[in-house]
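Here the structure is laid out as structure tokens; the discussion comes afterwards.
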Amino acid sequence: MALIVQKFGGTSVANTDNIKNVARRVKSEVEKGNQVVVVVSAMSGTTDQLIKWVNAVSSLNTKEEEAEHDVVVSSGEQVTSGLLALALRAIDVPAISMQAWQLPFYSDDMFRKARIEDIETGALTDALNKGLVVVVPGFQGITRSKRVTTLGRGGSDTSGVALAAALKAERCDIYTDVEGVYTSDPRVVTKARKLRKIAYEEMMEMASLGAKVLQLRSVEMAMKHKVRVQVLSSFSDKPGTLLVDEEEVMERRLITGVTYSRGEAQVTVTGIPDKPGIAAEIFGPLADAEINVDMIVQNISEASGNEKFTDMTFTVGKTDLDKALSSLKALKDKLKYRELITNDQVAKVSVVGVGMRSHAGLAQKMFKTLAEKGINIHVISTSEIKISVLISEEYLELALRALHTAYGLDEK
Ligand code: ASP
Ligand code: MG
């Protein structure tokens, strides 16, 4: 007998018919003789609605208010956990829902983005041993002082993986509305292929670079605890994508995926007197304002008279652009830069693959492919297993398709 964690996303439980469909899937796992723990998201759209209601009555200025936010926003998962337990009972599968406080599922007290601390499995295991399917709401936790928390948007994935790790489950199946992880976004790149396996680290890059299949933290957690995660669709019976160790990705491929993010904005600070410490002076205040800076380039400085000047270009999230600009404007007298230039019509395109560790020339292929299409690169950044470029948003789709073909990823 194996213990399986099944996690169902918002579209999989979007209405009562879908919940009945999920119940049938759970039942078929039970009929294989397995113990099953189910983690559910809220019905799709519910969390957004709950957040709107909160925002309509409060601007959440204090920690106490943020705690109430979590009381409201975690409730969507409570609803679906109870409904699924009922739907299971209706088809003769004994089931019980257990909320975060009943396990307990402990987190810290960073409301709205709490981090999991410890999951007690005693009560849950007792229920499993009585032959029950246990349905747990994703996304919610409880602090040691018994306040309800939520784990950040998309946090149910992390709940599922964390439970699988705590229970040492055989597998964590994450059911969603896509059939797995693709070499690129199939809505843009029609020749994208579903990957049978992907290395944890590749999935981590893909998740942080814009692929929205899994919450980034869930992938980190899966990698750390070596949880075998499978991403698959609750609307089809096709096999999904398995997250595995790097050594297990046997298909000989250099590049695994081409991904993108539209949420970027580019900022250039020109004519900064070039002296030691300018980077710290620019980026320190941005960090203090909790603005995440992603790609950075500094130009070679130009001499003018006795002084040297340089330009610095970097990217921030589009939603942080205004905040970044006001920070930089406040620094104008101190930094004595010439100008601030911004561009929010940009997108970041990245190619990812563990094959990069051992093969040269993969970046060159990217630059050459984009050059052949006449696409200008604004900023480049790299890590061991990814290369990212910033380009004009209008060329995004062209770039994705061209790169997908160039790296041999197209479906034959
Ligand atoms: N319901 C939460 C959200 O929409 C958590 C989740 O679905 O993973 O972000
Ligand atoms: Mg999700």
Side-chain angles (χ1 to χ4, degrees), residues 5-16 18-19 21-22 25 37-55 60 66-85 97-101 103 105 107-108 110-116 119 135-142 148-165 172-178 180-181 203-204 206-208 210-222 227 229-235 240 243 263 317 319:
V5 173
Q6 296 184 306
K7 184 263 166 180
F8 293 91
T11 44
S12 305
V13 294
N15 53 51
T16 48
N18 288 9
I19 289 175
N21 171 48
V22 165
R25 266 184 198 276
V37 174
V38 189
V39 176
V40 284
S41 282
M43 293 180 177
S44 59
T46 298
T47 307
D48 291 335
Q49 178 60 59
L50 294 168
I51 292 173
K52 272 190 206 142
W53 284 337
V54 168
N55 291 338
L60 303 176
E66 294 201 317
E68 299 303 343
H69 166 282
D70 284 6
V71 171
V72 177
V73 172
S74 64
S75 65
E77 273 75 5
Q78 172 155 343
V79 172
T80 46
S81 65
L83 286 173
L84 180 58
S97 68
M98 294 179 88
Q99 307 304 300
W101 64 270
L103 295 177
F105 189 114
S107 77
D108 65 13
M110 295 297 291
F111 299 104
R112 303 160 81 179
K113 47 176 187 301
R115 297 196 76 98
I116 300 167
I119 304 174
V135 187
V136 178
F139 190 44
Q140 58 166 261
I142 182 110
V148 176
T149 59
T150 60
L151 308 177
R153 295 309 304 268
S156 297
D157 292 339
T158 306
S159 307
V161 174
L163 268 167
C172 179
D173 288 343
I174 299 198
Y175 286 91
T176 173
D177 51 1
V178 292
V181 181
M203 190 64 233
M204 229 147 79
M206 305 261 280
S208 68
K212 292 197 184 60
V213 215
L214 289 176
Q215 197 202 30
L216 177 58
R217 271 164 65 189
S218 70
V219 187
E220 283 168 2
M221 172 125 11
V227 179
V229 173
Q230 183 178 198
V231 181
L232 65 178
S233 164
S234 61
F235 303 101
L243 269 59
T319 48

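Both counts, for ligands and for their atoms, begin at 1 and track the order of listing. Along the sequence shown, residues carry numbers from 1.
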*Of the non-hydrogen atoms in Ile142 and Ala100, which two are nearest, and what is the gap between them?*
CG2-O, 3.9 Å
Do any heavy atoms of [X] fall under 4.0 Å from ligand 1?
| X | result |
| --- | --- |
| Gly76 | no |
| Gln215 | no |
| Gly154 | yes |

*Judging by distance only, is a nitrogen or oxygen of Lys7 under 3.5 angstrom from one on ligand 1?*
no
*Would you mind listing which atoms of ligand 1 come within a distance below 4.0 Å of any non-hydrogen atom of Ser41?*
6 (C), 7 (O), 8 (O)
*Which atoms of ligand 1 are found less than 4.0 Å from any heavy atom of Arg153?*
3 (C), 4 (O), 9 (O)
_If we count only N and O atoms by modelled type, under 3.5 Å, do the side chains of Asp70 and Thr150 hold a donor and an acceptor together?_
yes
*asked:* Has Thr80 got a side-chain atom pairing as donor or acceptor with Met43's backbone, closer than 3.5 angstrom?
replied: no
*Got more than 12 heavy atoms from elsewhere within 6.0 Å of CZ, Arg153?*
yes
*Could you check if a side-chain atom of Val213 sits within less than 4.5 angstrom of a side-chain atom of Met203, using non-hydrogen atoms only?*
yes
